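The chain is numbered in sequence order, starting from 1. These figures come from a predicted structure and were not determined experimentally. Every heavy atom of this structure was used, including side-chain atoms; hydrogens, water molecules and symmetry mates were not.
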Amino acid sequence: MSKLREGYVLRLGERNLLLPEKMVFMLQYAADDWSRVDIAEAFGVSVRTVEGYFDMVRKGLGKKSFAAALVELYRQKIIK
């Protein structure tokens, strides 16, 4: 993982996935057991927007579940 001005870069084999800082904060809250409703309220977006972000990250990581995506983010030290 490397920190850029715009966000964080995940290494996915030969390709990279850029995660904006706002999305990383949302993912950290999810890892800290916040509900999607609470995350949406904290960031002033809709629950569907939060779900869309999470689904995009899951697909970008090539994972079948959001929990597996969180484990990968933890492994790459994107979230704690």
Side-chain angles (χ1 to χ4, degrees):
M1 170 218 45
S2 60
K3 171 90 166 81
L4 294 177
R5 189 172 175 185
E6 303 85 24
Y8 294 83
V9 176
L10 286 170
R11 306 230 183 272
L12 305 171
E14 294 181 12
R15 61 190 187 104
N16 295 322
L17 176 66
L18 176 66
L19 292 178
E21 200 163 26
K22 178 179 178 179
M23 195 179 299
V24 172
F25 285 125
M26 289 181 177
L27 292 162
Q28 182 62 58
Y29 289 161
D32 291 339
D33 202 27
W34 283 40
S35 73
R36 292 172 187 215
V37 171
D38 290 339
I39 294 169
E41 288 176 3
F43 286 90
V45 297
S46 73
V47 174
R48 291 189 64 146
T49 298
V50 171
E51 290 171 348
Y53 286 161
F54 290 173
D55 197 45
M56 183 174 42
V57 169
R58 180 191 60 79
K59 287 179 182 176
L61 292 171
K63 301 298 180 183
K64 293 180 182 178
S65 72
F66 183 62
L70 287 178
V71 169
E72 179 63 22
L73 293 168
Y74 178 76
R75 188 184 72 71
Q76 292 197 31
K77 297 180 176 32
I78 301 292
I79 60 174
K80 300 174 188 173

Spacing of CG belonging to L17 relative to CE belonging to M56, to within rounding of 0.5 Å: 8.0 Å
Between CG on residue L70 and CD1 on residue I79, distance to nearest 0.5 Å: 4.5 Å
Distance (rounded to the nearest 0.5 Å) between L27 CG and F66 CZ: 5.0 Å
Salt bridge (charged side-chain N to carboxylate O under 4.0 Å, His left out) contacts in which one or both residues fall within residues 49-63, not counting sequence neighbours: D55-R58, D55-K59
Gap separating the CD atom of E41 from the CH2 atom of W34, nearest 0.5 angstrom: 10.0 Å
Common cluster, Y53/V47, ILVMFWY with side-chain heavy-atom separation under 4.5 Å: no
Close side-chain approach of V45 to K22, heavy-atom, < 4.5 Å: yes
Value rounded to 0.5 Å, distance of CD1 in I39 from OG1 in T49: 12.5 Å
Minimal non-hydrogen separation, F54 against R36, with atom names: CD1-CZ, 3.8 Å
Same cluster (ILVMFWY, side-chain, under 4.5 Å), M26 and V37: no
Ring centre gap for F43 and Y29 strictly below 6.0 Å: yes
Considering all heavy atoms, the nearest M23-V57 contact: SD-CG2, 3.3 Å
